[in-house]
Amino acid sequence: QFGANVDIDVPYRYLSFFLDDDERLEQIRVEYGAGRMLTGEIKGELIKLLQSMVGAHQEARAKVTEEILNHFMTVRPLIKKIIP
């Protein structure tokens, strides 16, 4: 009665996309859907997950040098392969 509708709940939908742990996601779905978890708790889980992902991306981005960037941005001819 007081649980969330996980089919339309935005923070839960984001978790369903980004969370790799299917067992944890199912646990959240059951608890949140039954009203035993609050939306603030779901948002907290999502924030931790996204902060971790963004932090990893920022670390990787910091390692990109001008040389690496130029290598990937170099114009190259397209190669056509015809498969018989």
Side-chain angles (χ1 to χ4, degrees):
Q1 175 181 349
F2 296 107
N5 182 350
V6 295
D7 293 329
I8 61 170
D9 187 76
V10 174
Y12 178 81
R13 300 301 294 165
Y14 273 110
L15 277 176
S16 71
F17 184 75
F18 290 115
L19 188 61
D20 291 331
D21 186 349
D22 291 339
E23 290 177 14
R24 178 67 180 133
L25 184 62
E26 178 62 14
Q27 178 187 13
I28 290 170
R29 185 189 68 75
V30 169
E31 295 296 310
Y32 192 38
R36 291 186 293 269
M37 282 185 90
L38 301 175
T39 190
E41 294 173 274
I42 301 301
K43 290 176 182 177
E45 293 257 351
L46 180 61
I47 288 167
K48 284 191 287 188
L49 180 65
L50 292 178
Q51 283 177 335
S52 172
M53 291 176 64
V54 169
H57 176 75
Q58 288 173 333
E59 286 176 19
R61 176 64 181 97
K63 294 177 183 175
V64 174
T65 64
E66 194 68 30
E67 180 182 340
I68 293 171
L69 185 62
N70 287 337
H71 172 75
F72 280 98
M73 298 304 288
T74 299
V75 177
R76 296 176 193 83
L78 294 176
I79 299 172
K80 290 173 112 178
K81 290 186 178 183
I82 300 175
I83 301 173

If two hydrophobic side chains count as joined below 4.5 Å and joins carry through other members, does [X] share a cluster with [Y]?
{"X": "Leu38", "Y": "Ile28", "result": "no"}
{"X": "Leu15", "Y": "Phe17", "result": "yes"}
{"X": "Val64", "Y": "Phe72", "result": "yes"}

Partner of Gln27 by side-chain hydrogen bond (donor to acceptor under 3.5 Å, both in side chains), out of Arg29, Glu31, Arg24: Arg24
Please check if the side chain of Glu45 supplies one atom and the backbone of Ile42 the other of a donor-acceptor pair under 3.5 Å. no
Thr74 (side chain) donor-acceptor with Asn70 (main chain) under 3.5 angstrom: yes
Before you tell me yes or no, could you show the steps for Arg36 and Val30 under side-chain contact (heavy atoms from CB on, under 4.5 Å), namely the whole-Å CA-CA distance, both residues' side-chain angles and the distance that decides it to 0.1 Å? CA-CA 9 Å; Arg36 291 186 293 269; Val30 169; 3.9 Å; yes
Starting at [atom1] of [X], measure out to [atom2] of [Y] and round the result to the nearest 0.5 Å.
{"X": "Leu19", "Y": "Glu26", "atom1": "CG", "atom2": "CD", "answer": "11.5 Å"}
{"X": "Met73", "Y": "Ile68", "atom1": "CE", "atom2": "CD1", "answer": "14.0 Å"}
{"X": "Tyr14", "Y": "Lys43", "atom1": "OH", "atom2": "NZ", "answer": "12.5 Å"}
{"X": "Leu46", "Y": "Leu50", "atom1": "CG", "atom2": "CG", "answer": "4.0 Å"}
{"X": "Leu49", "Y": "Asp21", "atom1": "CG", "atom2": "CG", "answer": "10.5 Å"}
{"X": "Arg13", "Y": "Asp7", "atom1": "CZ", "atom2": "CG", "answer": "6.5 Å"}

Checking side-chain polar atoms at under 3.5 Å, does Arg61 have a donor or acceptor matched by the opposite partner on Gln58? no
I'd like to know if the side chain of Thr39 pairs up with that of Tyr32 as donor and acceptor (distance under 3.5 Å, no hydrogens or angles considered). yes
Within the supplied structure, the quantity of interest is the number of heavy atoms (other residues, nucleotides, ligands) at a distance under 6.0 Å from Glu23 CD; does it exceed 12? no
With side-chain contact (heavy atoms from CB on, under 4.5 Å) as the test, would you mind laying out the steps for Ile47 and Gln51 before giving the verdict? CA-CA 6 Å; Ile47 288 167; Gln51 283 177 335; 3.7 Å; yes
Candidate pair Leu25 and Asp20, rule side-chain contact (heavy atoms from CB on, under 4.5 Å), full reasoning: CA-CA 8 Å; Leu25 184 62; Asp20 291 331; over 6 Å; no
